[in-house]
Amino acid sequence: QVQLVESGGGLVQPGGSLRLSCAASGFNVDHYAIGWFRRVPGKEREGVSCIKQGDPTAYYMDSVKGRFTISRDSAKNTVYLQMNNLTPGDTAVYYCAAETWTCYDDNDIRPTDYGTWGQGTQVTVSS
């Protein structure tokens, strides 16, 4: 069974850090592009970052560049999103998703390109 499970969300103060994990089962994360997305109630899901299939090349939306880093651990079959210098604007439910042959450019990380999704993890940035 193909499955993605996110973890690592929580409550953090502005300026703090969190590392989200996306653990995959039923497939090899090296063979898929993995994307991170977020959704705020009342708004559409937006693409935060992605890492290419079989390649460490990564892309980011402008508002997180220099603060967020996506990485892949093949041995653990897990993709991470390290989030530093968090702001209240980063508050959202974060999802990871997998698909083959996508992840092309900054600010062009489209939810509609991804077919397998996790259940999401809540990130709240507040003092």
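All of these numbers come straight from a predicted model, not from anything done at the bench. This chain uses plain numbering: 1 for the first residue, then up along the sequence. As a basis for the values below, the full set of heavy atoms in this structure was taken, side chains included, without hydrogen atoms, waters or symmetry mates.
With E6 contributing its side chain and G120 its backbone, the two residues share a donor-acceptor pair below 3.5 Å. Between the side chain of T87 and the backbone N or O of G89, at least one donor-acceptor pair lies under 3.5 Å. Using modelled atom types, no side-chain atom of D105 and backbone atom of D108 make a donor-acceptor pair closer than 3.5 Å.
Both V125 and M61 are assigned to one and the same hydrophobic cluster, defined by single-linkage of ILVMFWY side chains at heavy-atom distances under 4.5 Å. Hydrophobic clustering, with ILVMFWY side chains joined whenever heavy atoms are under 4.5 angstrom apart, groups V64 together with Y94. Both V48 and V123 sit in one connected hydrophobic cluster of ILVMFWY residues. Membership requires side-chain heavy atoms under 4.5 Å apart, directly or through other members. One hydrophobic cluster, built from ILVMFWY side chains closer than 4.5 Å, cannot hold both Y95 and L20; they sit in different ones.
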Please evaluate residues R72 and T78 with respect to the criterion side chain to side chain contact (heavy atoms under 4.5 Å, CB included), reporting the C-alpha separation (whole Å), side-chain torsions for both, the decisive distance (0.1 Å), and the verdict. CA-CA 6 Å; R72 179 166 45 214; T78 298; over 6 Å; no
Derivation and outcome, side chain to side chain contact (heavy atoms under 4.5 Å, CB included), residues Q53 and D55: CA-CA 5 Å; Q53 175 178 346; D55 188 317; over 6 Å; no
Can you check side chain to side chain donor-acceptor pair (under 3.5 Å) on D30 and S74, steps first, answer last? CA-CA 7 Å; D30 288 337; S74 301; 2.7 Å; yes
Is there a side chain to side chain contact (heavy atoms under 4.5 Å, CB included) between N85 and R67 once you walk through the steps? CA-CA 6 Å; N85 195 21; R67 301 189 298 122; 4.0 Å; yes
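A heavy-atom distance below 4.5 Å is found between the side chains of V79 and I70. Taking 4.5 Å as the limit, every side-chain heavy atom of P88 sits out of range of all side-chain heavy atoms of S126. Under the 4.5 Å side-chain criterion, counting only non-hydrogen atoms from C-beta, S49 is not in contact with F68. Within the 4.5 Å cutoff, the side chain of Q119 has no heavy atoms near those of the L4 side chain. Under the 4.5 Å side-chain criterion, counting only non-hydrogen atoms from C-beta, E46 is not in contact with R110.
Residue pairs meeting the disulfide (SG to SG under 2.5 Å) criterion with at least one partner in residues 34-72, sequence neighbours excluded, are C50-C103. Within the structure, every pair that satisfies the ring pair (Phe, Tyr, Trp, His ring centres under 6.0 Å) test and touches residues 33-59, not counting sequence neighbours, is listed here: F37-Y114, F37-W117.
To the nearest 0.5 Å, atom CD1 of residue I34 and atom NZ of residue K52 are 13.0 Å apart. With values rounded to the nearest 0.5 angstrom, Q3 atom CD is found 4.5 Å from S25 atom OG. In this structure, L18 CG and D90 CG are separated by 10.0 Å, a value rounded to the nearest 0.5 Å. Between the OG atom in S63 and the CG atom in N107 there is a gap of 8.0 Å [rounded to 0.5 Å].
Surrounding NZ of K65 are more than 12 heavy atoms belonging to other residues, nucleotides or ligands, all under 6.0 Å away.
Under the side chain to side chain donor-acceptor pair (under 3.5 Å) criterion, T69 pairs with no residue, sequence neighbours left out. Checked against ring-ring contact (aromatic ring centres under 6.0 Å, His included), Y32 has the following partners two or more places apart in sequence or in another chain: F27. With sequence neighbours left out, N28 forms a side chain to side chain donor-acceptor pair (under 3.5 Å) with no residue at all. In this view, N84 and S17, Q82 satisfy the side-chain contact (heavy atoms from CB on, under 4.5 Å) rule, not counting sequence neighbours.
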